[in-house]
Every structure is written in C-alpha cells, then in structure tokens.
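Report on the following structure.
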2 protein chains.
Amino acid sequence: MNKFKEIYADLEKKILSGEYPSNTLLPSEKQLSEMYNVSRETIRKALNLLINTGLIQKKQGKGSIVLDLNRFDFPISGLTSFKELKDSQKIDSVTKVIEIKKVAVSPTLSEKTGWPVASEAWKLVRTRTINGEPAIIDIDYLDANIVPVLPEKKVSQSLYDFLEIDLGLEISYAQKEITVENVTKEVRDLLELTLDDNHVVTVKSLVYLADTSCFEYTESIHRLDKFRFVDFARRRKV
Amino acid sequence: MNKFKEIYADLEKKILSGEYPSNTLLPSEKQLSEMYNVSRETIRKALNLLINTGLIQKKQGKGSIVLDLNRFDFPISGLTSFKELKDSQKIDSVTKVIEIKKVAVSPTLSEKTGWPVASEAWKLVRTRTINGEPAIIDIDYLDANIVPVLPEKKVSQSLYDFLEIDLGLEISYAQKEITVENVTKEVRDLLELTLDDNHVVTVKSLVYLADTSCFEYTESIHRLDKFRFVDFARRRKV
DNA sequence: AAGTGGTCTAGACCACCCC
DNA sequence: GGGTGGTCTAGACCACTTG
C-alpha cells in the first residue's frame, strides 16, 4: 500500500481508539514526518484524507484539530461515500431477493444510463428488512456486458462485495438524487405500508467505474419512517 | 489567489463553456504545467479540485477525462457543498422572515450545539416560496457571541452572504441529517399543507467555522413534493 | 522569534496504457 | 518504448499563531 494511505489508516485508527482524543491537536506535520520517516508532503496527503472524511480540521499557525464526531451518530469508519447503502448493512438487517433476471434495456432506462436500447441488463429487486420490518426496496439495473453473471447467493449478501471482489470491478463515483414520491401498489405491498402512508423516499443513483463507464442504475425505495441520510460537507469556496 | 486555485477556476470555466467537451481528454499534466508555467504538483492540486467537484475523472496511463454532468441536472458551478441551500436560491424564490429574536439556549439546543444552557442565541424563522407556493421553512439558531447583530433586511436576502461577507466569518464544514418527520400544526399552516399530507422532509445541520466552533444549528423543513437533494459521491476505499 | 500549516518547485522512480 | 498519471522527496518561502 502507499505510504500516505498507510499513515492515514494508522492515524484514523488512533483517532477512533482515542489515542488522539477529539479537540486536541495531532503532532505537527514536521513531527509526523519524522515519526513516520517520510517527507512532509506525504504527511499532508494523509492529513487531506482525514480532512475529507471529517476527522480533523487544520488551522494555519495552529495545528490539526481532531474533530468530535458524535453529534449525529456520525457515519464514520472510512466506509462513507455510498453511505445509505453501507448504513443499512451496519444495522441488523435481512436481505431478500425478490426478482433477478435479464431484461432488455427500455428507452427510459437507456436515457438515464446511456446504454443502447434493447441491449441486455440485469434487473435485480431486493428488500431489506430491519428488525423484522420491511424498510427498503432496492431495484438495481446492471449492464450485462460488464456484469456477465449475477449469482443469487452472492447478491443476497452484498452486491458491492461481489462486484468489487469477485468481478474485480473498480467502482469509482456516483450521481444520486433523493426525492419523495407517491407509492405504487407494488411498493405498498412489499413495504407493508398502511393505507394512510402515501409516500416513500426514493434514492436514484447512477454508478460509474473508474473508466467512466456507467454500469449500474439503482432506485432505492425507503419507508418514510425508516429513512435517514447523514452527511458531512465541507464548504467549497470558488 | 493561489496558482492552483486560479488554474482550477480557469479549467472549470473552459470545461463548462465547452472548450474542453465532455468525454474528451484534458491536456496531459506535463502539457498543462508548461501551459501555465507551474510545476506538475501544482497542476495536480488543481486537477484534484476538479475531481472533487465531479468535473473530471483521471485514468492512469490515459489522462484526465471530462465527465458528462447532465444526467440529473447535475448541481454544478462550484457552488456545491451546502447544495440544497444553494439550489433553492437558484430557483425563482421569495424569502419571508417570520420571526427574528434573541432567545436563551434550551437544554435540547445545548445538547446539539454544545452552547451553554441559557446563553444567548438568535432564533430566525423564514419561509421560502417557490413559484408562489410555500416550499421550505428554515429555522436557524445562531450563537449570539459569534453573530452579535442580525439585520432583518440582510437575512431576507442571503444569511450566508451576510455571515461571510459582512461579518467575515469563515464557514468551514457541516454535519447534516435528512429524515422524514410528522408534521406539526404550526408547520402545516406555514407550508399550507392539505390534510392528507402528514409528513415533511427535515434537514438538520450543525455548521462550524474554520476554528471548529459550532455557530449555527438549522432545521430546514421541506414540503414532500418540493424536496430534492442531488449529490455527487466518490467511492472511498480504505 | 519560533513553530505551525499553505504553497510551490524540480526531479526522481513507478505503474499503467497503447502502439 | 514513449506517454500518461501516481507517488515521494528535500528544500524553499510565505502566512498565521502564540509566547
């Protein structure tokens, strides 16, 4: 592994374990570069990762302050970025595969993904049950050129582990949109909604590989009372 | 301004104007460093900003690919990070100040913000009307030690412009949480909800300055049919 | 004045892609 | 093999904080 990633991982571990408590300063960049026997720029790359994950905040002339991340059950552990997916994995949840089949790409889907109409895609429908109550429906469409096989056993555990570990795909970035939509009868049944619940939260994502090809379109449908999205955002000045 | 920020701004402008069209390659880092007369590491810092905003994707051995950002009306222009706030400003909207007064910090608020109980804070309630329809209620609490004055005229335009430009505050980062909550009578009236609308989307944010002090807590309450949150996320492997 | 982080450089070597 | 991005270095100068 790269030096700066190793240093990042080490510092993260020490922050989470309390060795560097929140609201205290990390050792200075100069000290860290001596401690790890690397140049200062390498230390700075590691610190930048900590900044991006919201673990520290730097102050010129002062130092690197360890942030307190317990205000909102902050989604920590470096597993962020596709947070709502990961979050649902952390809780005690059961995944059930409702449907898994190859379909022809419809014009609607083609417009979103850029895949040719009538080319092959996997359609995967799963429900996530949390503490015995159905909470989420995930509808995934995957480019069958990129994902040739899709074993039911694997996707009932973790789709992303299968894609990254078994298939070796390098998932890189996603565009996503969160809205609230009217519930359809099918969704109402799957989520066991009562009659006065007419809405669901829908998270639509387009997911891309490192080579910029779009390989997945997902709609993740959440019961209102089960939905929660937590984010850390840095102010971006232009 | 710093060299790398200037270069970032220049490249962003050229990408948005179509001078570097999507799905083409930028000049190589070596070429760019010669074009701008800077070292390669400086170019790489500028490119990192473009990566974070989702404008380009790099590929080792290949180059920097300009991404296509029109899939979801991608929230572009460097104004991201507090996106939902900005988005609502872009649309043709009217802000109305409902309430603006100093209050004593309650135990509940103190727990969220860390401000001492009974210390002074501003409470600011505003509604945002989009195309004639009430869409959002913003309830802001601001630390009165950091924000001594709060002119109604200013906050009916842009609270953040007032804080950053007039007061010179350096807003740095935020933790936020999106959930769906039951509607209260007060909210129902302000948002002019019909009787079968029982929920609203609530975005709760804790906002921090560069010196890591928390100066603002906000609840932004959205009508379900008016809510939309768009995000660009990079996969973070650890 | 001393120490901190912020920026920038010139050069090195490596991994990857493509011809 | 030549070009690309990825990592790393040693050193420089600047801006900011603190005593």
Side-chain angles (χ1 to χ4, degrees), chain A residues 1-11 20 23-52 55-67 168-170 172-173 209-213 234-238, chain B residues 1-11 20 23-52 55-67 168-170 172-173 209-213 234-238:
Chain A
M1 194 159 40
N2 307 323
K3 290 188 186 178
F4 77 95
K5 284 183 186 162
E6 271 175 24
I7 294 168
Y8 164 74
D10 191 55
L11 291 173
Y20 296 130
N23 297 315
T24 65
L25 293 176
L26 289 185
S28 74
E29 294 180 352
K30 187 164 178 296
Q31 287 173 321
L32 287 170
S33 69
E34 285 160 2
M35 286 163 61
Y36 288 99
N37 265 306
V38 297
S39 74
R40 194 176 143 222
E41 284 288 358
T42 301
I43 291 294
R44 286 176 59 75
K45 281 182 187 166
L47 294 182
N48 274 336
L49 294 179
L50 293 173
I51 290 173
N52 286 336
L55 283 164
I56 66 167
Q57 167 80 5
K58 295 216 274 191
K59 196 77 205 296
Q60 196 172 154
K62 202 69 179 302
S64 301
I65 303 161
V66 179
L67 294 182
L169 296 179
E170 199 181 340
S172 182
Y173 59 97
L209 300 179
D211 66 1
T212 76
S213 59
R234 286 203 171 264
R235 180 77 160 159
R236 193 173 280 152
K237 311 231 174 85
V238 183
Chain B
M1 191 154 48
N2 307 324
K3 289 188 186 177
F4 77 96
K5 284 184 187 162
E6 270 175 24
I7 294 168
Y8 164 73
D10 191 56
L11 291 173
Y20 294 131
N23 296 314
T24 65
L25 293 175
L26 289 184
S28 73
E29 295 180 351
K30 186 163 177 296
Q31 287 173 322
L32 288 171
S33 68
E34 285 160 2
M35 287 163 60
Y36 288 99
N37 265 306
V38 295
S39 74
R40 194 177 142 221
E41 285 286 359
T42 302
I43 291 295
R44 286 175 60 75
K45 282 183 186 164
L47 294 183
N48 274 336
L49 294 179
L50 293 173
I51 290 174
N52 286 336
L55 283 164
I56 65 168
Q57 168 79 6
K58 295 217 273 191
K59 195 76 205 297
Q60 197 172 153
K62 199 72 178 302
S64 300
I65 302 162
V66 179
L67 294 183
L169 295 179
E170 199 181 340
S172 181
Y173 60 97
L209 300 179
D211 66 2
T212 75
S213 60
R234 285 203 170 265
R235 181 77 161 158
R236 194 173 280 153
K237 315 227 174 87
V238 182

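Reminder, nothing fancy here: chain letters follow the sequence lines and each chain counts from 1.
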Which two nucleotides bound the region of DNA chain C that has atoms under 4.0 Å from heavy atoms of chain B, read 5' to 3'?
C:dT7 to C:dC18
Stepwise side chain to side chain contact (heavy atoms under 4.5 Å, CB included) check, B:Ile65 with B:Leu25
CA-CA 5 Å; B:Ile65 302 162; B:Leu25 293 175; 3.5 Å; yes
In this structure, how many angstroms lie between the P atom of D:dG5 and the CG atom of A:Asp211, rounded?
16 Å
Measure from the side-chain N and O atoms of A:Asn2 to the backbone N and O of A:Phe4, and report whether any donor-acceptor pair falls under 3.5 Å.
no
Beyond-backbone contact of B:Leu11 with B:Leu32, side-chain heavy atoms, under 4.5 angstrom:
yes
A:Lys30 and A:Glu34 ion-paired at < 4.0 Å
yes
Step by step, would you call B:Leu55 with B:Tyr20 a side chain to side chain contact (heavy atoms under 4.5 Å, CB included)?
CA-CA 11 Å; B:Leu55 283 164; B:Tyr20 294 131; over 6 Å; no
What is the distance, to the nearest angstrom, from the CD atom on A:Gln60 to the C1' atom on D:dC16?
5 Å
Does B:Ser28 make a side-chain N or O approach to OP1 or OP2 of D:dT4 shorter than 4.0 Å?
yes
Heavy-atom closest pair (A:Tyr173 atom, B:Leu67 atom, distance to 0.1 Å) is OH-CD2, 3.0 Å
So which of residues 31-45 of chain A are in contact with DNA chain C, with a heavy-atom cut-off of under 4.0 Å?
A:Arg40, A:Glu41, A:Arg44
Whole-Å gap separating C1' (D:dT4) and NZ (B:Lys59):
12 Å
Donor-acceptor under 3.5 Å (B:Gln57 side chain, A:Asp211 main chain)
no
Hey, could you give me the OG/NZ distance between B:Ser39 and B:Lys45, rounded to the nearest 0.5 Å?
8.0 Å
